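Notes to accompany the following structure.
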Amino acid sequence: MAAKIIDGEALAAEMNAQISAQAKALADGGKPVRLVAVQVGENPASKIYTNMQARSCQAVGIGYQLLNIPAETTQQELLATIRKLNEDQTVSAIILQMPLPPQIDARVVQMTISPDKDVEGMNPVNMGRLFFGGGLVSPCTPRAAVELLNRTRSDLAGLEAVVVGHSEIVGKPIAMMLLQSPNASPTVTVCHVATKDLAFHTRRADVLIVAAGVSQAKYLGWQRRRKAGETLPPPKLAPLISGDMIKSGAIVIDVAINRIPRGFDDAGNVLSNDKGKPDMMTVGDVDFEAALQVASAITPVPGGVGPVTTAMLLRNALACAGAFK
Ligand code: NAD
């Protein structure tokens, strides 16, 4: 039987309806929610994100302001701006847009955002709270992945859960979240780039959460070397997780977002679409079609973890504004 497709859009819509009602209640009580995004310099990639944030906030009645700061801003100037926002009573939450110019140390700036206004849950205080069982605000993507899992199966006690990817913003927090229940957690294995036999681990997984972004990394590496003048065959962009790496009946949560070409011509160039632009597609790390035949449930890419991540950001903004205190 084909696996159930876990619908992230539907969950996000349900969450957004609740967020909208809570944002209205806060505004009616004289405490409107206001999220400030700090962007240093111009960046087309972050423009996509900030436009999306503005639209998402507007849709649920959360105030959104984009603070554009010149690219040549020094670390000290940026820290001073962040401290001012920390003290500003009209600002509920702060988000720092990536990437930052080379003179800025992202980690130091992230640590300067007040834990109470840290909408991404990336401040070490909020990460620490996660370790001790979770605070009001925690990282959005891990929270989205775990929420989609919990909605699919609530009782995870004794199951084998395998997380592929151990980054600070995705893989590690997911592992911590899975371990939060004192008596009913799954057994968690975390795999990463140095894992010797990935398939050995994934084939044991009743719950498989994948967040590596391997095809995207391969494609970008290939593109960089081609631009530098190397002659290279097209990269092999097969999904990291093939159907035979998935246990029958597993629940699969695919967190990855790989933006890669649909194919290459004989000369090794990216195929074009009918508008003459590179023909790109968005896929996860899992071979979705193959997984449908093996797994019991799977998140699609796009339409799975992505929309719920955005809803979690909005929910974190509410939390920063005191909605759940
Ligand atoms: P990252 O580059 O920081 O970390 C990648 C992780 O994958 C590392 O732990 C690395 O060890 C592991 N890895 C790399 N190659 C591997 C291999 N061959 N086998 C096993 N593990 C391997 O990336 P990240 O920021 O953690 O993001 C991971 C993925 O999640 C990316 O595709 C990213 O686009 C996606 N993402 C999605 C959302 C969302 O909203 N859905 C949000 C954030 C990130």
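Reckoned from all heavy atoms, side chains included, excluding hydrogens, waters and symmetry mates. All ligand and atom numbering here is 1-based and tracks the order in the structure. As the structure is a prediction and not an experimental result, all values here were calculated from the model.
The shortest separation from a heavy atom of T195 to ligand 1 is not under 4.0 Å, leaving the residue out of contact. The shortest separation from a heavy atom of A211 to ligand 1 is under 4.0 Å, placing the residue in contact. Heavy atoms of G306 come nearer than 4.0 angstrom to ligand 1 in at least one pair.
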Evaluate the criterion side chain to side chain donor-acceptor pair (under 3.5 Å) for residue pair N86 and R83; output intermediate values, then yes/no. CA-CA 5 Å; N86 284 344; R83 290 195 188 101; over 6 Å; no
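The backbone N or O of A212 sits less than 3.5 Å from a side-chain atom of D285, completing a donor-acceptor pair. Although no hydrogens or angles enter the test, the distance criterion places a donor-acceptor pair under 3.5 Å between the side chain of D254 and the main chain of V286. With hydrogens and angles disregarded, a donor-acceptor distance shorter than 3.5 Å links the side chain of K117 to the backbone of L85. Remark: side-chain polar atoms of S46 are not paired, donor with acceptor, to backbone N or O of E42 under 3.5 angstrom.
Within a 4.0 Å radius of atom 2 (O) of ligand 1, the protein has no heavy atom.
A salt bridge between K24 and D28 is present, with a side-chain N of the basic residue lying under 4.0 Å from a carboxylate O of the acidic one.
Residue-level proximity to ligand 1 for V193 is carried by backbone and side chain together, each with a heavy atom below 4.0 angstrom. With a 4.0 Å cut-off on non-hydrogen atoms, L240 touches ligand 1 through its side chain and not its backbone. Both the backbone and the side chain of I257 come within 4.0 Å of ligand 1, counting heavy atoms alone. When heavy-atom distances to ligand 1 are checked against a 4.0 Å cut-off, I169 comes that close only through its side chain, counted from C-beta outward.
Q53 and Y49 form no side-chain donor-acceptor contact under 3.5 Å, judged by distance and modelled atom types alone.
In this structure, atom 37 (C) of ligand 1 lies nearest to the protein heavy atom V255 O, 3.2 Å. Among protein heavy atoms, the minimum distance from atom 44 (C) of ligand 1 is reached at V170 CG2, 4.0 Å. Taking atom 26 (O) of ligand 1 as the reference point, the nearest protein heavy-atom neighbour is S167 OG, 2.4 Å.
Between N258 and ligand 1, no pair of N/O atoms sits closer than 3.5 Å.
Taking a cut-off of under 4.0 Å to the non-hydrogen atoms of T141, the atoms of ligand 1 that pass are 38 (C), 39 (C), 40 (O), 42 (C), 43 (C).
Put simply, the residue from V119, N316, D116 that forms a side-chain contact (heavy atoms from CB on, under 4.5 Å) with V137 is N316.
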